[in-house]
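The structure under discussion appears below in the form of structure tokens.
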Amino acid sequence: MISKLRRTFTSILPVEKGRTGHCNGCGACCELPRRCTFLKTDSKGNNTCSIYRFRPPNCRKFPRSPAQLEAVAKTCSFSFENKLTGEKISNY
Ligand code: SF4
């Protein structure tokens, strides 16, 4: 619950520089810490957001930082580039 509150309050901040990639619709971020009531999964396992056009900033900006990316290990298709070393921080 603390992580959800932190994510909500920090969603006013900009997405950290160096993020690349796109959303693959895995839905992992929609289950932090519990499954969102607006997340719909069809019989083939495809996820959609039933309020996508009106989703709040904490959903719109996810993952806003490398720390948030770590919370969805192995599923999120975004990555970050380390500002100092240029190293790619990714789940892939
Ligand atoms: S975890 Fe990443 S790829 Fe999966 S739905 Fe969220 S933003 Fe998209």
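What you see below is based on every heavy atom in this structure, not just the backbone, and it leaves out hydrogens, waters and symmetry mates.
Side-chain contact between L69 and F62 is absent, with no heavy-atom pair separated by less than 4.5 Å. N58 places none of its side-chain heavy atoms less than 4.5 Å from the side chain of Q68. Contact annotation: the side chain of C26 never approaches that of K74 to less than 4.5 Å [non-hydrogen atoms, C-beta and beyond]. In this structure the side chain of S79 never reaches within 4.5 angstrom of the side chain of R19, judged on heavy atoms. Using a 4.5 Å heavy-atom threshold, the side chains of E81 and I89 count as separate.
Residues R60 and R53 come closest through the heavy atom pair NH2-O, 3.5 Å. A pairwise comparison of heavy atoms in R64 and T10 identifies NE-O, 3.2 Å as the closest pair.
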For this session: List the steps, then state whether side-chain contact (heavy atoms from CB on, under 4.5 Å) holds for F80 with E16.
Result: CA-CA 8 Å; F80 281 88; E16 287 190 21; 4.1 Å; yes
Exercise. Going through the checks in order, is the side-chain contact (heavy atoms from CB on, under 4.5 Å) test met by K40 and N47?
Worked result: CA-CA 6 Å; K40 305 299 176 203; N47 296 305; over 6 Å; no
For this session: Might you work through the side chain to side chain donor-acceptor pair (under 3.5 Å) test for R35 and T41, ending with a clear yes or no?
Result: CA-CA 11 Å; R35 185 178 172 85; T41 305; 2.8 Å; yes
Problem set entry | Criterion side-chain contact (heavy atoms from CB on, under 4.5 Å) on R6 and S11, from CA distance to verdict | CA-CA 8 Å; R6 182 183 305 126; S11 69; over 6 Å; no
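Among L39, T75, V72, the one residue that satisfies the side-chain contact (heavy atoms from CB on, under 4.5 Å) test with E31 is L39.
Without hydrogens or angle criteria, K61 side chain to P56 main chain gives no donor-acceptor distance under 3.5 Å.
From C76, atom SG reaches atom CG of N24 across 6.5 Å, with rounding to the nearest 0.5 Å. Taken to the nearest 0.5 Å, the CZ atom of R55 stands 10.0 Å off from the SG atom of C30.
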